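Model, not experiment: these values are computed from the prediction.
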Amino acid sequence: MGEIAVTRLLPNICTDKMEETRDFYVELLGFVVGFEHEGWYIQMASPTNPQLQVGIMRRDHEFTPKAFQCPAQGVILSVQVEDVDVAYAEVRERGFEIAHDLCDESFGMRRFMVADPNGLLVNMFSFP
């Protein structure tokens with residue numbers, strides 16, 4: 001059996017809250033809009049590392065099969081940062097609601113979580 005050569009992985013968030021979701025990732029991660037298909041898709045990326053991307057897709061758009069046009073749930077987007085303590089202080093200062101407080105895991109990760117407008121969790125972490 002042959003290998004699948006992955007060249008890119010781009011998570012797309014299906015939502016009814018396009019603008020709120022865009023603004024959340026702009027504010028939280030500093031992402032910028034790379035391009036937009038009017039009214040149904042927004043692709044965002046880090047301005048300093050454009051390989052880091054997230055897409056925002058209107059949930060009821062024909063791109064997604066009807067049977068799967070339901071609100072996203074059960075997803076955690078993990079974002080590794082240089083210093084999670086700095087990120088935590090910045091996120092709190094900006095008024096984001098903390099879904100899981102800053103903690104140290106037994107396997108060496110230091111992390112916290114915030115929820116995006118769709119209820120998806122963003123796990124921000126580093127390995128000190």
Side-chain contact, heavy-atom cut-off 4.5 Å: [X] with [Y]?
| X | Y | result |
| --- | --- | --- |
| Glu82 | Ser126 | no |
| Arg92 | Phe96 | no |
| Met113 | Ile98 | no |
| Asn123 | Phe112 | no |
| Met109 | Asp104 | no |
| Val81 | Phe125 | no |

Hey, quick one: are [X] and [Y] part of the same hydrophobic cluster, counting side-chain heavy atoms closer than 4.5 Å, chains of contacts allowed?
| X | Y | value |
| --- | --- | --- |
| Leu121 | Ile13 | no |
| Val122 | Met57 | no |
| Leu77 | Leu52 | yes |
| Met44 | Trp40 | no |
| Tyr41 | Val33 | no |

Going through the distances and angles, do Val32 and Val26 end up as a side-chain contact (heavy atoms from CB on, under 4.5 Å)?
-> CA-CA 6 Å; Val32 296; Val26 165; over 6 Å; no
Report the distance from atom [atom1] of [X] to atom [atom2] of [Y], rounding to the nearest 0.5 Å.
| X | Y | atom1 | atom2 | answer |
| --- | --- | --- | --- | --- |
| Glu27 | Glu90 | CD | CD | 8.5 Å |
| Phe31 | Ile42 | CZ | CD1 | 14.0 Å |
| Asp116 | Lys17 | CG | NZ | 8.5 Å |

Locate the shortest heavy-atom distance separating [X] from [Y]; write the atom from each residue and the value.
| X | Y | result |
| --- | --- | --- |
| Ala115 | Phe24 | O-CE1, 3.5 Å |
| Gln69 | His61 | NE2-O, 3.0 Å |
| Gln53 | Pro11 | O-CD, 3.6 Å |
| Gly30 | Pro47 | O-CD, 3.2 Å |
| Cys14 | Thr64 | SG-OG1, 4.2 Å |
| Arg58 | Gly39 | NH1-O, 3.2 Å |

Would the distance check show the side chain of [X] and the main-chain N or O of [Y] forming a donor-acceptor pair, the cut-off being under 3.5 Å?
| X | Y | value |
| --- | --- | --- |
| Arg110 | Phe127 | no |
| Asn118 | Leu120 | no |
| Gln43 | Glu36 | no |

The side chain to side chain contact (heavy atoms under 4.5 Å, CB included) partner of Met18 among Thr15, Thr21, Asp16 is Thr15
Taking everything shown except Phe68 itself, do over 12 heavy atoms lie less than 6.0 Å from its CZ?
-> no
Heavy-atom count around Glu105 CD within 6.0 Å, excluding the residue itself: above 12?
-> yes
Leu102/Asp85 under side-chain contact (heavy atoms from CB on, under 4.5 Å): CA gap, chis, key distance, verdict = CA-CA 8 Å; Leu102 188 63; Asp85 291 290; 3.3 Å; yes
